[in-house]
Amino acid sequence: MTFGKFPNTRLRRTRQEGWIRELVQETRFTPQNLIWPMFIIDGTKQTESISSMPGVDRFSIDLAVEKAKQAFDAGIPAIALFPKTDPKLKNEQGTEALNENNLVCRAVQKIKAALPKLGVMCDVALDPYTSHGHDGIMIGETIDNDATLEIITQQAVLQAKAGCDILGPSEMMDGRVGVIRQALEKSNFKNTLIMAYSAKYASAFYGPFRDAVGSKGALKGDKKTYQQNPANTNEAYEVALTWKKVRTWPSSVIKPALAYLDVIYRVKQTFGAPTFAYHVSR
């Protein structure tokens, strides 16, 4: 890029008035750029504070509907639902994820009935439902990738049937996006979106989030065999594999956000498609 010489060229000319700065502003951040993570619990008129995230609460479904209305009125286009499952409903296989009347499915149905134009995103993973706190099926001390694919595929279709608009596979199993997309097509959910967590790094930042969904105390070991190595930013190029499978809407989530701004930048510059970031701590 070649610039003229001073004084004919004065770069401050586009900064001298607010309306000029608005006119040439490259980056804009509004409520329309946001998805609100909402943590839900069973019961009626119930609110629970989350000690590890001051100012963030869990809501029963009736209150979640009210909060969703506030979000919609504020211009936020979508919310993401995360359940705190009753420990009595958890087991090693996470089968509560396949209950069509589970907490998430009931919440989706109520929110979409009240606000059909508000987007609803659901997490596709088993950690809110497993007694061991992992995102997949454990065989001994190992997460079984393919056995996990079977159950999360059923979970994704179930959430779509409940009315979920965006599915967020976050469990980091190999092959998940392709099998979920195929199952959605077969079940005639051709327009259901997939926003995969394509660059999700193993991180201590998840501690408060795990507290919020009730899996922190249950977790046995760590998730380093399926979440990405934070020392390897090149692993973010797994995003490319995701986008080959998604079809209806090429988008990805980078998680956690603020500690991986370099990864967000590289993914956006390389692929140019919609790129979302989820910062899970406060």
| field | Name of the residue among Ile152, Leu126, Thr130, Thr142 meeting side-chain contact (heavy atoms from CB on, under 4.5 Å) with Ile137 | value | Leu126
| said: Heavy-atom count check: over 12 atoms from other residues, nucleotides or ligands less than 6.0 Å from Glu141 CD? | reply: no
| Sub-3.5 Å donor-acceptor pair from the side chain of Tyr226 to the main-chain atoms of Asp135, do we have one? | yes
| For Ser170 and Asp123, does a side-chain donor sit closer than 3.5 Å to a side-chain acceptor? | yes
| Between Lys255 and Phe205, is NZ or CZ placed under 6.0 angstrom from the six-membered ring centre and within 45° of the ring axis? | no
| No-hydrogen, no-angle side-chain donor-acceptor test under 3.5 Å, Thr47 and Arg58 | no
| said: Working to the nearest 0.5 angstrom, can you tell me the gap between Met121 CE and Met195 CE? | reply: 5.0 Å
| request: Can you establish whether the number of heavy atoms outside Lys110 located under 6.0 Å from its atom NZ is more than 12? | output: no
| query | Going by heavy atoms in the side chains, are Cys122 and Val108 under 4.5 Å from each other? | reply | yes
| query | Looking at Pro83 and Leu103, what are the two nearest heavy atoms and their distance? | reply | CB-CD2, 3.9 Å
| said: Under a 3.5 Å distance rule, please check whether His134 uses its side chain to pair with a backbone N or O of Gly136 as donor and acceptor. | reply: no
| For Leu167 and Val124, which heavy atoms make the closest approach, and how far apart are they? | CB-CG2, 4.0 Å
| said: Donor-acceptor check, side chain of Arg21 to backbone of Thr14, threshold 3.5 angstrom: yes or no? | reply: no
| query | Would you call Asn234 and Arg266 a side-chain contact if the rule is heavy atoms closer than 4.5 Å? | reply | yes
| Does any N or O in the side chain of Glu171 come within less than 3.5 Å of the main-chain N or O of Met173, such that one atom is a donor and the other an acceptor? | yes
| request: To the nearest 0.5 angstrom, please state how far the CG atom of Asn99 sits from the SG atom of Cys105. | output: 7.5 Å
| request: Taking all heavy atoms of Arg210 and all of Leu219, pick out the closest pair and write down the distance. | output: NH1-CD2, 3.6 Å
| message | Measuring from atom OG of Ser215 to atom OH of Tyr129, what distance do you get when rounded to the nearest 0.5 angstrom? | response | 11.5 Å
| Short side-chain to backbone donor-acceptor contact, Asn145 and Asp174, under 3.5 Å | yes
| query | How many angstroms lie between atom CD of Glu66 and atom CD1 of Ile111, to the nearest 0.5 angstrom? | reply | 11.5 Å
| message | Donor-acceptor check, side chain of His132 to backbone of Glu92, threshold 3.5 angstrom: yes or no? | response | yes
| Considering all heavy atoms of both residues, which atom of Ser203 and which atom of Pro256 are nearest to each other, and what is their separation? | OG-CG, 3.8 Å
| Between Asp86 (side chain) and Leu89 (backbone), is there a donor-acceptor pair under 3.5 Å? | no
| query | Is a side-chain donor-acceptor pair under 3.5 Å present for Gln93 with Thr95? | reply | no
| Can you list the steps and then say if Glu48 with Lys84 is a salt bridge (charged side-chain N to carboxylate O under 4.0 Å, His left out)? | CA-CA 11 Å; Glu48 290 182 354; Lys84 182 185 179 186; 3.7 Å; yes
| What heavy-atom pair brings Ala97 and Asn102 nearest, and what distance separates the two atoms? | O-ND2, 3.4 Å
| query | Do Ser252 and Thr275 come close enough that some side-chain heavy atom pair is under 4.5 Å? | reply | no
| note | Note: Met38 and Ala68 closest approach over all heavy atoms is CE-N, 4.0 Å
| note | Connected to Leu34, directly or through other members, by ILVMFWY side-chain contacts below 4.5 Å are Phe29
| task | Using the side chain to side chain contact (heavy atoms under 4.5 Å, CB included) rule, take Lys112 and Val120 through it: C-alpha gap first, then chi angles, then the decisive distance, then the call. | result | CA-CA 8 Å; Lys112 291 300 292 185; Val120 176; 3.6 Å; yes
| task | Would you sort out whether Asn33 and Arg28 count as a side chain to side chain donor-acceptor pair (under 3.5 Å), showing the intermediate values? | result | CA-CA 9 Å; Asn33 298 117; Arg28 299 182 185 276; over 6 Å; no
| task | Show the numbers, then the answer: is there a salt bridge (charged side-chain N to carboxylate O under 4.0 Å, His left out) between Arg181 and Glu185? | result | CA-CA 6 Å; Arg181 183 74 266 163; Glu185 297 291 315; 3.2 Å; yes
| field | Check: Ser60 side chain, Gln46 main-chain N or O, donor-acceptor pair, under 3.5 Å | value | yes
| task | Determine whether the aromatic ring centres of Phe59 and Phe39 lie less than 6.0 Å apart. | result | no
| message | Can you confirm if the NZ or CZ of Lys200 lies within 45° of the ring axis of Tyr197 and under 6.0 Å from the centre of its six-membered ring? | response | yes
| task | Could you tell me the separation between the OG atom of Ser187 and the CD atom of Gln154, rounded to the nearest 0.5 Å? | result | 10.5 Å
| message | Please check this pair: side chain of Gln16 against backbone of Arg13, looking for a donor-acceptor N/O pair closer than 3.5 Å. | response | yes
| said: Using a 3.5 Å distance criterion without hydrogens, assess whether the side chain of Asn232 forms a donor-acceptor pair with backbone atoms of Glu235. | reply: no
| said: To the closest 0.5 Å, what do you measure between CZ (Arg106) and CG (Leu81)? | reply: 12.0 Å
